[in-house]
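One-based numbering, in listed order, for ligands and for the atoms of each. Since this is a predicted model, take the numbers as computed values, not measurements.
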Amino acid sequence: MRIIVTGGAGFIGSNFVQYIYKERPDWQITILDVLTYAGNKSNLPGLDESRVKLIVGNICDEELVDSLVKDHDAVVHFAAESHNDNSLDNPRPFLDTNIVGTYTILEAVRKHKKRLHHISTDEVYGDLELDDPAKFTESTPYNPSSPYSSTKAGSDLLVRAWVRSFDVRATLSNCSNNYGPYQHVEKMIPRQITNIISGEKLKLYGSGENVRDWIHTEDHSSAVLAILEHGKIGETYMIGANGEKNNLEVFNLILKFMGKDTGWLEHVNDRPGHDMRYAIDASKIQKELGWTPKYTDFEAGLKDTIQWYTENEDWWRPQKEATEAKYKELGR
Ligand code: NAD
Ligand code: TDX
């Protein structure tokens with residue numbers, strides 16, 4: 001099997017590359033990544049170049065994408081602009097990468113009749129009320145809130161249309177919030193951990209009652225592999241690990257595990273249009289593909305993540321100043 005992993009130098013894509021490298025030793029992996037601020041070669045340590053190749057290039061580059069897809073069996077498409085706060089500040093790159101980039105990949109897999117798995121997010125469904133008994137399922141109507149989630153929704157709809165109109169062999173997955181090592185310091189959990197290490201306060205948006213459904217990134221990777229190998233063409237699979245927690249709970253855990261009191265917590269301006277709650281019903285992938293998450297103890301996973309950021313300051317320190325300067329401009 002020869003696969004292309006787009007966005008394979010980002011947080012989740014690089015975890016997937018490492019996972020496949022370990023779990024499928026006979027596969028050849030080509031990473032296509034333009035190395036934006038979020039892509040980092042050092043997310044990919046210890047890989048043998050005879051099995052993993054990094055092509056630095058843009059998924060919107062039709063010629064490049066076409067030439068790579070021609071020589072591979074499947075594309076696993078992680079590449080995206082992925083941060084809501086950035087999309088609220090400057091939506092344009094989200095339209096280019098998430099919409100035009102996905103279109104470019106679809107046209108190449110259509111032409112060369114290759115398998116595609118498209119990575120998406122639970123945010124395409126909008127948000128739930130705190131007391132809503134229902135969770136997101138594969139049939140929840142799309143209702144995205146931000147430029148980020150609306151471009152991800154648009155990319156999902158393109159994939160579905162290419163399946164129906166052109167018989168493209170594609171599957172989709174919509175996963176909840178990931179955490180773990182190598183996540184960019186702009187995202188909630190790494191931002192707070194690295195703030196404490198830097199002597200800065202934690203920055204909580206609004207009241208902190210917003211709920212996210214946390215999953216360890218390696219569980220996301222194992223689910224994607226299950227879909228790639230056993231998923232039914234044209235189907236969507238929700239990926240989640242029953243990890244609902246409100247933001248204040250997560251902040252309090254970070255404070256506790258890092259030995260700080262609530263004086264370290266600062267309430268900052270809320271994110272415009274801030275989604276209240278995400279929650280995933282993952283029963284379809286569990287029943288149909290037999291997938292189950294391995295990292296079900298969130299507190300243990302969070303402790304490991306704190307330890308990783310504590311021990312890998314060389315990795316995150318170069319991103320930190322520019323990230324916080326951007327937040328300062330946004331008042332968050
Ligand atoms: P990330 O921002 O850490 O990584 C994105 C990667 O894509 C980077 O390496 C970047 O260089 C690359 N990239 C961006 N634009 C590109 C382009 N035009 N051409 C080639 N490469 C490009 O993102 P992530 O958090 O790892 O998310 C990966 C995927 O998973 C995204 O599709 C995202 O929507 C989805 N997702 C993320 C989460 C989460 O919690 N982070 C949850 C569900 C789904
Ligand atoms: O400093 C912060 N303080 C804070 O309270 C940051 C950065 C965030 N937050 C809040 C906003 C959200 O309620 O924490 C929650 C999580 O925020 P993010 O890490 O920015 O994630 P979110 O907006 O939920 O989106 C994430 O999950 C779905 C990923 O970034 C997306 O790529 C994925 O699609």
Colleague: Give me the nearest non-hydrogen protein atom to atom 21 (N) of ligand 1 as residue plus atom name, then the distance to 0.1 Å.
Modeller: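 For atom 21 (N) of ligand 1, the nearest protein heavy atom comes out as Val34 N, 3.2 Å.
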Colleague: Will you find, in the side chains of Asn210 and Asp270, an N or O donor that is under 3.5 Å from an N or O acceptor?
Modeller: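 The criterion, which ignores hydrogens and geometry beyond distance, is not satisfied for Asp270 and Asn210.
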Colleague: Are Ser14 and ligand 1 in contact, using a heavy-atom cut-off of under 4.0 Å?
Modeller: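 No, Ser14 has no heavy atom closer than 4.0 Å to ligand 1.
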Colleague: Cation-pi check, Arg332 to Tyr327: give yes when NZ or CZ is under 6.0 Å from the six-membered ring centre and within 45° of the ring axis, no otherwise.
Modeller: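 Geometry flag: not set, cation outside 6.0 Å or 45°.
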Colleague: Looking at non-hydrogen atoms alone, which of Tyr148, Tyr205, Phe11 comes nearest to atom 4 (C) of ligand 2?
Modeller: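 Minimum heavy-atom distance to atom 4 (C) of ligand 2 goes to Tyr205.
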Colleague: Can you check whether Asn58 has an N/O within less than 3.5 Å of an N/O in ligand 1?
Modeller: yes
Colleague: Using heavy atoms and a 4.0 Å limit, tell me yes or no: is Gly57 in contact with ligand 1?
Modeller: yes
Colleague: Could you check which of Ile31, Thr121, Val100, Ile12 puts a non-hydrogen atom nearest to atom 37 (C) of ligand 1?
Modeller: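 The option holding the nearest heavy atom is Ile12.
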Colleague: Could you tell me whether some N/O pair between Ser82 and ligand 1 is separated by less than 3.5 angstrom?
Modeller: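 Yes - when backbone and side-chain N and O of Ser82 are compared with those of ligand 1, one distance drops under 3.5 Å.
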Colleague: For Asn15 and Glu218, what are the C-alpha separation, side-chain angles and deciding distance, and is it a side-chain contact (heavy atoms from CB on, under 4.5 Å)?
Modeller: CA-CA 7 Å; Asn15 184 281; Glu218 190 160 315; 4.0 Å; yes
Colleague: Suppose we measure from atom 35 (C) of ligand 1 to each protein heavy atom; which comes out shortest, and what is that distance?
Modeller: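 Nearest protein contact, heavy atoms only, for atom 35 (C) of ligand 1 is Ile119 CG2, 3.9 Å.
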Colleague: Heavy-atom distance to atom 3 (N) of ligand 2: which of Met188, His267, His274, Lys203 wins?
Modeller: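 Among Met188, His267, His274, Lys203, the closest heavy atom to atom 3 (N) of ligand 2 comes from Lys203.
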Colleague: Return yes if a side-chain donor-acceptor contact under 3.5 Å exists between Glu107 and Trp162, otherwise no.
Modeller: yes
Colleague: Classify the side-chain pair Asn174/Thr121 by whether it contains a donor and acceptor separated by less than 3.5 Å.
Modeller: no
Colleague: So, is the end of the Lys111 side chain (NZ or CZ) under 6.0 Å from the ring centre of Phe166 and within 45° of the ring's axis?
Modeller: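 The answer is no; the distance or angle limit is not met.
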Colleague: N/O to N/O below 3.5 Å, does that happen between Asn40 and ligand 1?
Modeller: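 Between Asn40 and ligand 1 (N or O atoms, distance only) the closest approach is not under 3.5 Å.
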Colleague: Can you sort out the partners of Ser50 under side-chain hydrogen bond (donor to acceptor under 3.5 Å, both in side chains), two or more places apart, ordered by chain and number?
Modeller: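 Result, side-chain hydrogen bond (donor to acceptor under 3.5 Å, both in side chains) vs Ser50: Asp48.
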Colleague: Relative to atom 11 (O) of ligand 1, which among Asp122, Leu64, Asp33 owns the nearest non-hydrogen atom?
Modeller: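 Of the listed residues, Asp33 has the closest heavy atom.
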Colleague: Salt bridge check, Arg271 against Asp85: does any charged N sit closer than 4.0 Å to a carboxylate O?
Modeller: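 Salt bridge between Asp85 and Arg271, a charged N being under 4.0 Å from a carboxylate O: yes.
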Colleague: So, is Leu32 polar-close to ligand 1, with some N/O to N/O distance under 3.5 Å?
Modeller: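 Not met; the criterion fails.
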Colleague: Could you check whether any heavy atom of Cys60 sits closer than 4.0 Å to an atom of ligand 1, since that is the contact criterion I want to use?
Modeller: no
Colleague: Hey, are Tyr103 and Asn98 close enough side-chain-wise for a donor-acceptor pair under 3.5 Å?
Modeller: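 No pair is found: no donor N or O on one side chain lies under 3.5 Å from an acceptor on the other.
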Colleague: Taking both backbone and side-chain atoms of Tyr148, is any N or O found less than 3.5 Å from an N or O belonging to ligand 1?
Modeller: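 Yes: some nitrogen or oxygen of Tyr148 is under 3.5 Å from one in ligand 1.
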Colleague: So, 4.0 Å and heavy atoms of Lys152: is ligand 2 close enough to count as a contact?
Modeller: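 Outside the 4.0 Å threshold, so no.
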Colleague: Could you check whether Asn43 and Trp315, counting side-chain N and O atoms only, form a donor-acceptor pair closer than 3.5 Å?
Modeller: yes
Colleague: Just by distance, no angles: are the side chains of Lys245 and Asn252 close enough, under 3.5 Å, to form a donor-acceptor pair?
Modeller: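 Distance-only check fails for Lys245 and Asn252.
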Colleague: Does Arg332 approach ligand 2 within less than 4.0 angstrom via side chain, backbone, both or neither, non-hydrogen atoms only?
Modeller: neither
Colleague: Non-hydrogen atoms of His184 versus ligand 1: any pair closer than 4.0 Å?
Modeller: no
